[in-house]
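Below, read A as the first sequence line, B as the second, and so on, with proteins coming before strands; counting in each chain starts at 1.
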Protein chains: 2
Amino acid sequence: MINARQLEVLCAVIELGTTAKAAEMLAVSQPAVSNMIRHVETLAGFALFERERGRLTPTPEARHIAQEAQHLFMQQRRVASIIEELRGGTTGRLSIVATPSIGQRILPQVIAQFLESRPKLNVSLDLGHTDQIANRLVSGQAELGLSISQPRHSALTVRPIAKAQLLCVCPEGHELALSRVVRIEALNHARHISYSSETPLGQMIDGAFSRRGLERRYFFEVRHTMAALELVANGVGVALVDTFALAGRDLAGMALRPIDPVMDLQAHSATSKLFPTSNVALQFQSFFSQYVAEHLQMIPSSPDNPI
Amino acid sequence: MINARQLEVLCAVIELGTTAKAAEMLAVSQPAVSNMIRHVETLAGFALFERERGRLTPTPEARHIAQEAQHLFMQQRRVASIIEELRGGTTGRLSIVATPSIGQRILPQVIAQFLESRPKLNVSLDLGHTDQIANRLVSGQAELGLSISQPRHSALTVRPIAKAQLLCVCPEGHELALSRVVRIEALNHARHISYSSETPLGQMIDGAFSRRGLERRYFFEVRHTMAALELVANGVGVALVDTFALAGRDLAGMALRPIDPVMDLQAHSATSKLFPTSNVALQFQSFFSQYVAEHLQMIPSSPDNPI
DNA sequence: AGAGTCCATAAGTTGAGGTTATCGAGGTGA
DNA sequence: TCACCTCGATAACCTCAACTTATGGACTCT
């Protein structure tokens, strides 16, 4: 069967009219072109050029083939450019599942930024709790999982990807806003909106309270920081909210205070060991880390509270 | 740049799962496949397979490339099949110019037959007198010319392609129909429809008359045999008509008689020396010759009237 | 433990596609 | 008409991508 190189030479001769000019354009010698043309003619089984008075004149058949070959060249260039783009991570498909804490606020921002230099990239974003993330990853339905708590699954590769902190958010003018730092004990005497003890965040905060010999008290139970934040924004009470939920949000009417003790969160990324991870996914992991490190301000951890 | 063979191997491995099966399908050895895959990976600049526990698992990037490559293969097969068809003359373009004598009746029949085994063929048919045929051929606007009289042009290749004869056509029951053979002298005493002396046919008939020491007489002058035939069909008179015009026509109400002397016509085909002639055009020439020889019955020429 | 499967590596072969050198045919201008 | 140019064809040789065979090490399954 005829190959692309042969068609390339054929087209060059038809276009430029002589073997010598075609050879020059193709950066090969004139006999190479001459031989190739003859070879293609034997492959095709009929003459592609008429030789008279030392000149080559393409036959209608040759012109017809050359025209069709253009589509082949186009497709060839297309494949080459796709490979190029896949190398640069500017094309392909990136499918992410994230917990709402990350997926609702910070992740769309990071993705938007990531897409600015990759307009052809195809993205899929889904939310789910940690177990669902693990399921979707091992079943190959998603490629990259992002969550605060580490998904536990033998077929997953989990690694820390970004840090965040819990801050205290209260309505502007609230009594807690009067102090520069909010001690967690104070929350027990305020209208405290907090997290179910089943949630990782709830357990973490419980731990901080119990380390001070206290028990966490709250009048409003939610599961996600975004929900708590919205309640605070509407003046319902005060809450501890992570910086992922705060990222880029308009905080008009609210006051933000560091807390004592500092509580650090570690976001994790997970990929399946059962499927190879795409280039884009790897790139996105680094991008996410870097973006968070640059855009989320952190309060230094106290020595007694390492991550 | 990546080539089709490399993509072919890549796709085979992705599709069949192992290098050994891919090698079998491609009819090459397993190391050939293994090396090719590694080579393509270095070309692409990123991994296409993940190697673990002695198995290859395609990356999302590899799958993406393989999918795009399918279009390339399709285009490649398309070019190959077009070449195949061009060899068989079942595709391409055939543009013909013919004089009305040939183009109005016999040619459409032959073309229809020719197309039966070449459904993809693109045909163009145009009518014109001999000078116009020559013009269109040397200007490259048409590829094949068909006419009775030979076009005279130094850039044309003209060759005889088919024979026809003049016959006498008269209304059924006409007195000329009473004789088995119509002697041309008899036409001078009938309502004779004939051809302008400027036309090749008129000159030819004039010659036959003068060889018998007579002058042709006619009451109705036309330029084409088709016109004469229609007039006879409507009972206007009698005429000498060539067998090309009669081919396949319903002769109800008309009588057909051989004439004395027998007058043979030679159809000619012409192609331009300035452009190569396509395969289909050459095939059509033979096809036309053969069709006419098989379908037009001829009366043997008398020895004194060679063509 | 042994057989069977997988992929990788090493070393050698082959042929498509290239090279240089040279030829003769044909056109062209002094 | 002769020198000079450009064209394509041919011959003889070269090179490397794409193969080969032979083999080895990793892993799985019975």
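Listed pair B/Gln6 / D/dA18 meets the phosphate criterion, a side-chain N or O lying under 4.0 Å from OP1 or OP2. In this model, the phosphate group of D/dA9 is approached by a side-chain N or O of A/Arg51 to a distance below 4.0 Å at OP1 or OP2.
Put simply, the side chain of B/Gln266 gets close to the backbone of B/Ala162: a donor and an acceptor are under 3.5 Å apart. The closest donor-acceptor contact from the side chain of B/Glu294 to the backbone of B/Tyr291 lies at 3.5 Å or more, if one exists at all.
The nucleotide range of DNA chain C contacted by chain A, defined by atoms under 4.0 angstrom from heavy atoms of the protein and reported 5' to 3', is C/dG17 to C/dG27.
In this pair, B/Phe287 and B/Phe284 present their aromatic rings parallel. The plane angle is below 30°, not in the 30 to 60° band.
Whole-Å rounding puts the A/Phe49 CZ to D/dC7 P distance at 15 Å. Spacing between atom CD of A/Glu24 and atom P of D/dG8 amounts to 13 Å, rounded to whole angstrom units. Between A/Asn35 atom CG and D/dA12 atom P there is a gap of 13 Å when expressed in whole angstrom units. One atom, CD of B/Glu8, and another, C1' of D/dC19, lie 14 Å apart when rounded to the nearest Å. Atom NE2 in B/His39 sits about 13 Å away from atom C1' in D/dC19, given to the nearest Å. The separation between A/Leu10 atom CG and D/dG8 atom P is 14 Å, rounded to whole Å. For the pair B/Leu26 CG and D/dA18 P, the computed distance is 13 Å after rounding to whole Å. As a whole-Å value, the separation of A/Lys21 NZ from D/dT6 P is 11 Å.
Between A/Glu52 and B/Lys273, the shortest heavy-atom distance links the atoms OE2-O, 3.4 Å.
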Reading nucleotides 21-30 of chain D from 5' to 3' and marking B where a protein heavy atom lies under 4.0 Å of the base, S where only the sugar-phosphate is that close, and - otherwise, the string is BB----SS--
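With no hydrogens or angles considered, no side-chain donor-acceptor pair links B/Thr19 and B/Ser34 at under 3.5 Å. A/Ser101 and A/Thr99 are linked by a side-chain donor-acceptor pair at a separation below 3.5 angstrom, with hydrogens and angles left out of the test.
Within the cation-pi definition used here (under 6.0 Å to the ring centroid, within 45° of the axis), A/Arg118 qualifies as a partner of A/Phe114.
The nearest heavy atom of DNA chain C to A/Met36 and to B/Val13 marks one nucleotide each, and the one closer to the 5' end goes with B/Val13.
Of the residues A/Val40, A/Leu26, A/Val28, A/Ile14, the one that meets the side-chain contact (heavy atoms from CB on, under 4.5 Å) test with A/Val9 is A/Leu26. For the pairing with B/Leu137, the side-chain contact (heavy atoms from CB on, under 4.5 Å) check across B/Thr157, B/Leu274, B/Val158, B/Leu156 returns one residue only, B/Leu156.
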